[in-house]
Amino acid sequence: MTNATKKTKRRHDDPDAVLGVTRTRAAQRLGARLRRPLFAWWDVHARALPWRDARTSPWGVLVCEIMSQQTQMSRVVPYWNAWMERWPDAAALADAPRADVLAAWGRLGYPRRALRLQECARVVAAECRDELPRDYDALVALPGVGDYTASAVLSFAYGERIAVIDTNIRRVLSRAFLGEESLGGATGAVERALANAVLPRDAAASATWNQAVMELGALVCTAKQPACADCPLRGGCLFLAAGLPHLGERRTRPRQRFAGTDRQVRGIIMQALRDLPEDAHGVLRHEDASRLWKDTAQLDRCIASLDDDGLVEIVSGHDVRLPA
DNA sequence: CTCCGGTGTG
DNA sequence: CACACAGGAG
């Protein structure tokens with residue numbers, strides 16, 4: 001899916017139109033006031049993650065962001081280091097066998113991300129002269145790149161002034177500036193407008209702001225147990241002032257259990273394929289696959305869905321292997 | 001809104 | 001055991 005209609009362009013970004021002039025100005029004033037303590041905190045507490053090295057290419061930043069989708073940074077670090085050494089740019093990744101790409105993805109989870117990353121690499125290599133676009137619409141049109149990832153690349157790799165909105169930033173901004181929890185679900189117009197209202201006007205400062213707010217959400221302003229005593233925003237945080245109302249509340253109803261789901265079964269199959277012995281020549285025979293899961297109907301359904309997703313290939317009718 | 005992995009943490 | 005985690009696509 002590469003057509004431009006799959007993702008909507010950013011709209012409703014004008015804070016005045018969504019929040020009203022008064023609330024917008026109040027948020028801007030508070031944001032300006034909190035910037036200094038936040039940046040001071042960032043200077044001291046920012047984690048020394050490898051992709052924060054100034055020499056990291058925009059492609060390297062993109063790889064990091066894709067790997068980090070729904071995955072903790074600490075788990076990403078070793079994968080990113082090995083990945084960038086093996087495939088330093090889009091052109092290198094584009095030429096790799098899909099089976100190698102999926103195997104290298106290892107236990108990061110959501111292996112479709114690996115597939116999309118390679119599709120993305122092929123587009124960038126073939127259509128963009130191996131150079132990642134510096135344009136929101138072009139980025140968001142790439143496979144596996146949504147609003148968050150496009151914004152993160154523009155802000156962190158290119159230094160453009162754009163509001164980055166992820167789960168951490170939503171939580172921190174909603175708490176500090178609105179005094180309430182960010183409820184689950186899609187990002188609302190209010191949250192988007194708020195992010196734009198408090199984003200520093202200066203481009204360089206805006207990139208630091210995005211990173212610092214995100215880092216604060218990861219290390220201090222966490223979902224369940226925020227360390228308000230250690231927070232650089234405590235002097236102005238509306239959520240703290242209100243007594244942390246409804247701390248940890250979510251609108252989304254509890255997720256389906258993992259045990260017994262297709263996700264677990266698919267994961268087991270992918271793991272078996274990654275860990276196949278050498279003498280298997282990359283092929284998992286159906287007889288061996290059926291020992292991975294008791295419910296044969298579910299197993300076969302999952303193999304079929306993995307095949308549909310391009311994550312496996314079915315050979316000789318019912319054996320399975322990673323795609324070439 | 002649902003599906004899509006795997007792991008650290010309380 | 002429950003739950004959150006630098007989301008994206010159908």
Side-chain angles (χ1 to χ4, degrees), chain A residues 1-8 46-47 49 51-52 61-80 102 105-117 119-120 139-157 163-173 181-187 195 207 210-219 221-226 247-274 301-302 305-306 308-311:
Chain A
M1 186 74 54
T2 57
N3 63 40
T5 61
K6 67 170 180 175
K7 294 151 188 163
T8 43
R47 292 170 289 184
L49 299 166
W51 45 84
R52 285 178 178 167
V61 172
L62 176 76
V63 172
C64 152
E65 298 304 338
I66 301 281
M67 286 183 170
S68 300
Q69 291 167 6
Q70 295 293 283
T71 305
Q72 293 86 339
M73 313 292 301
S74 55
R75 291 179 50 212
V76 169
V77 171
Y79 285 97
W80 186 84
L102 288 169
W105 196 256
R107 307 184 71 86
L108 275 175
Y110 294 132
R112 290 192 295 192
R113 291 183 295 166
L115 239 40
R116 300 227 171 89
L117 179 56
E119 293 170 21
C120 176
L139 284 168
V140 86
L142 293 169
V145 178
D147 174 71
Y148 163 75
T149 304
S151 304
V153 166
L154 288 175
S155 179
F156 305 153
V164 175
I165 302 178
D166 78 319
T167 181
N168 281 319
I169 291 188
R170 287 176 65 187
R171 181 174 60 251
V172 173
L173 296 185
E181 286 287 31
S182 168
L183 301 179
T187 303
N210 284 326
Q211 296 219 62
V213 174
M214 210 176 300
E215 191 83 338
L216 190 70
L219 300 180
C221 192
T222 55
K224 298 172 110 175
Q225 293 187 341
L247 176 63
E249 179 178 301
R250 308 265 119 196
R251 177 185 302 153
T252 51
R253 66 182 152 87
R255 284 250 190 224
Q256 184 186 32
R257 267 192 173 39
F258 179 65
T261 60
D262 285 2
R263 284 162 72 169
Q264 182 186 18
V265 179
R266 287 165 56 106
I268 289 171
I269 296 166
M270 293 301 292
Q271 181 180 1
L273 287 170
R274 285 194 307 266
R301 174 162 39 103
C302 287
S305 74
L306 287 169
D308 287 342
D309 291 343
L311 288 165

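Residue numbers begin at 1 in each chain, while the letters A, B, ... track the order of the sequences.
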(request) Mind calculating the distance between CG (Leu115(A)) and P (dA9(C)) to the nearest angstrom? (result) 13 Å
(request) May I ask you to evaluate whether Thr167(A) reaches the phosphate of dA6(C), defined as a side-chain N or O under 4.0 Å from OP1 or OP2? (result) no
(message) By the rule that syn is within 90° of 0, classify the base conformation of dA6(C) as syn or anti.
(response) syn
(request) Answer with base, sugar-phosphate or nothing: what part of the nucleic acid does Arg170(A) contact at a heavy-atom distance below 4.0 Å? (result) nothing
(request) Could you please name the option among dG5(B), dG8(C), dA6(C) that lies closest to any side-chain atom of Gln69(A)? (result) dG8(C)
(request) Using only side-chain N and O atoms of Gln70(A), determine if any of them is under 4.0 Å from OP1 or OP2 of dC5(C). (result) no
(request) Just jot down the side-chain contact (heavy atoms from CB on, under 4.5 Å) partners of Ala207(A), sequence neighbours excluded, or say none. (result) Ser155(A)
(request) Applying side-chain hydrogen bond (donor to acceptor under 3.5 Å, both in side chains), name anything that partners Ser68(A), two or more places apart in sequence or on another chain. (result) none
(request) Select one nucleotide: of dA6(C), dC3(C), dC3(B), the one nearest the side-chain heavy atoms of Arg112(A). (result) dC3(B)
(request) Please report, rounded to the nearest Å, how far the P atom of dA6(C) is from the CZ atom of Arg171(A). (result) 7 Å
(request) Write down the distance between CH2 (Trp105(A)) and C1' (dC4(B)), rounded to a whole number of angstrom. (result) 13 Å
(request) Would you mind telling me which of dA6(C), dC4(B), dG8(C) lies closest to the side-chain atoms of Thr149(A)? (result) dG8(C)
(message) Could you tell me how far apart Asp166(A) (CG) and dG8(C) (C1') are, to the nearest whole angstrom?
(response) 14 Å
(request) Mind listing the closest non-hydrogen atom pair of Ala114(A) and Leu102(A) along with its distance? (result) CB-CD2, 4.2 Å
(request) Not counting sequence neighbours, which residues clear salt bridge (charged side-chain N to carboxylate O under 4.0 Å, His left out) with Glu215(A)? List them please. (result) Arg47(A), Arg52(A)
(request) List for me each residue that meets side-chain contact (heavy atoms from CB on, under 4.5 Å) alongside Gln264(A), sequence neighbours excluded, and say none if there are none. (result) Phe258(A), Ala259(A), Thr261(A), Ile268(A), Trp293(A)
(request) Looking at every strand, decide which applies to Trp51(A) at a 4.0 Å heavy-atom threshold: base, sugar-phosphate, or nothing. (result) base
(request) Hey, which sits more toward the 5' end of DNA chain C by its nearest nucleotide, Arg116(A) or Thr222(A)? (result) Thr222(A)
(message) Less than 4.5 Å apart, side chain to side chain, heavy atoms only: is that true for Met67(A) and Trp51(A)?
(response) no
(request) Could you give the distance separating dT7(B) and dG8(C) at their P atoms, to the nearest angstrom? (result) 22 Å
(request) Using salt bridge (charged side-chain N to carboxylate O under 4.0 Å, His left out) as the criterion, list what pairs up with Arg266(A), not counting sequence neighbours. (result) Asp309(A)
(request) Let me know, please, whether Arg266(A) or Ala186(A) comes out on the 5' side of the other along DNA chain B by nearest nucleotide. (result) Ala186(A)
(message) Please tell me if Thr71(A) has a side-chain N or O lying less than 4.0 Å from either OP1 or OP2 of dG6(B).
(response) no
(request) Indicate, with a heavy-atom threshold strictly under 4.0 Å, whether Ala152(A) touches base, sugar-phosphate, or nothing. (result) nothing
(request) Measure the distance from OH on Tyr79(A) to P on dC5(C) and round it to the nearest whole Å. (result) 21 Å
(request) Please name all residues satisfying side-chain hydrogen bond (donor to acceptor under 3.5 Å, both in side chains) with Thr167(A), sequence neighbours left out, ordered by chain then number. (result) none
Short heteroatom pairs, N/O only, protein and nucleotides 7-10 of chain B, under 3.5 Å:
from	atom 1	to	atom 2	distance (Å)
dT7(B)	OP1	Arg107(A)	NE	2.3
dT7(B)	OP2	Arg107(A)	NH2	3.1

(request) To the nearest 0.5 angstrom, please state how far the CG atom of Leu142(A) sits from the CD atom of Glu119(A). (result) 11.0 Å
(request) Would you mind classifying the nucleic acid contact of Leu108(A) as base, sugar-phosphate or nothing, using non-hydrogen atoms under 4.0 angstrom? (result) base
(request) Let me know the distance between NZ of Lys224(A) and C1' of dC5(C), rounded to the nearest Å. (result) 12 Å
(message) Please report the distance separating the P of dA6(C) from the corresponding atom of dC3(B), rounded so that it comes out in whole Å.
(response) 23 Å
(message) Output the rounded distance in Å from CZ (Arg47(A)) to P (dC5(C)).
(response) 13 Å
(message) For Gln69(A) and Tyr148(A), which I'm curious about, is there any donor-acceptor pair between the side chains at under 3.5 Å?
(response) no
(request) Convert the base pairs of DNA chain C into dot-bracket notation, remembering that pairs crossing earlier ones are written with [ ] and that bases paired across to another strand are shown as |; include only Watson-Crick or G-U pairs under 3.5 Å. (result) |||||.||||
(request) Sequence neighbours left out, what passes side-chain contact (heavy atoms from CB on, under 4.5 Å) with Arg170(A)? Give chain and number order. (result) Ile165(A), Ser182(A), Thr187(A), Glu191(A)
(request) Take atom CD1 of Ile165(A) and atom P of dC5(C), then tell me their distance rounded to the nearest Å. (result) 16 Å
